[in-house]
Amino acid sequence: QDDRFHRQFESGEIVTFQPYSKYPPCLKDISFWTSREGVESEFHPNDIFEVVRDVAGDLVERVELIDVFIHPKSKRVSNCFRITYRSMDRSLTNEEIDALQESVRSDAVQKLGVELR
């Protein structure tokens, strides 16, 4: 049983079927500091969502914040996001996803000014 199928019908209402991929996902994490010591961060999670979508487009199924760490001494904030890559029509290769992930990492630094961990 695939939960992605059954979740669509929990409400008991008639809904339009949403297609989903039969191919496996590829999960990648990205962690970065969003603030500098003594400087307030203007980072918002939507910022990284936009960077990921710009790089990977429809190959991204989900981006979720999985951890927030605040350094006890410096009070710097670090976020870790999990990116789920999946194609609707084929299996993705690690090499393909590694290249996309490297672009996401590079764009996050350039566009958002974060410091990768």
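What you see is a predicted model, and the numbers here were worked out from it, not measured in a lab.
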Q: Only counting residues at least two apart or in another chain, list the ones meeting side chain to side chain donor-acceptor pair (under 3.5 Å) with D67.
A: none

(Q) Surrounding CG of N46 (heavy atoms of other residues, nucleotides or ligands, distance under 6.0 Å), is the total greater than 12? (A) yes

Q.
Main chain of S87, side chain of S21: is a donor-acceptor contact present, judged purely on distance under 3.5 Å?
A. yes

(Q) Just verifying a value: how many Å separate E95 CD and L100 CG, rounded to the nearest 0.5 Å? (A) 12.0 Å

(Q) Side-chain heavy atoms under 4.5 Å apart, restricted to Ile/Leu/Val/Met/Phe/Trp/Tyr: what other residues fall into the cluster of F69, or is it alone? (A) W33

Q.
Could you measure the distance from the CG atom of L59 to the CD1 atom of I97? Nearest 0.5 Å is fine.
A. 6.0 Å

Q: Work out which heavy atom in D47 is nearest to a heavy atom in E42; give both atom names and the distance.
A: OD2-O, 4.1 Å

Q. What are the two closest heavy atoms between A108 and V51, and how far apart are they?
A. N-CG1, 4.0 Å

Q: Output yes when a side-chain donor or acceptor of R86 lies under 3.5 Å from a complementary backbone atom of Y23, and no otherwise.
A: yes

Q: Would you mind reporting whether D54 and D107 have side-chain heavy atoms less than 4.5 Å apart?
A: no

Q. Who pairs with E64 by side chain to side chain contact (heavy atoms under 4.5 Å, CB included), at least two apart in sequence or on another chain?
A. R62, I66, R82

Q. When hydrophobic residues are tied together by side-chain contacts of less than 4.5 Å, even through go-betweens, does M88 share a cluster with Y85?
A. no

Q) Does CD belonging to E96 count more than 12 external heavy atoms closer than 6.0 Å? A) yes

**Q.** Contacts of type salt bridge (Lys or Arg N to Asp or Glu O under 4.0 Å), residue D98, not counting sequence neighbours
**A.** K28

**Q.** Contacts of H44 that satisfy side chain to side chain donor-acceptor pair (under 3.5 Å) - sequence neighbours left out
**A.** none

Q. E61 side chain to C26 main-chain N or O, any donor-acceptor pair under 3.5 Å?
A. no

Q: With rounding to the nearest 0.5 Å, note down the distance linking CG in D29 to CG in N79.
A: 12.5 Å

Could you go through residues 109-117 and list every donor-acceptor pair under 3.5 Å that involves a side-chain atom there, pairing it with any protein atom two or more places apart or in another chain?
| residue | atom | partner | partner atom | Å |
| --- | --- | --- | --- | --- |
| E115 | OE1 | R76 | NH2 | 2.6 |
| R117 | NH1 | S78 | OG | 2.9 |

Q. Is there a chain of hydrophobic side chains (I, L, V, M, F, W, Y, each step under 4.5 Å between heavy atoms) that links L65 to V77?
A. yes

Q) Quick one: does F32's side chain get under 4.5 Å of I48's, heavy atoms only? A) yes

Q: Evaluate the side-chain proximity of L92 to R90: yes if any heavy-atom separation is below 4.5 Å, no if none is.
A: yes

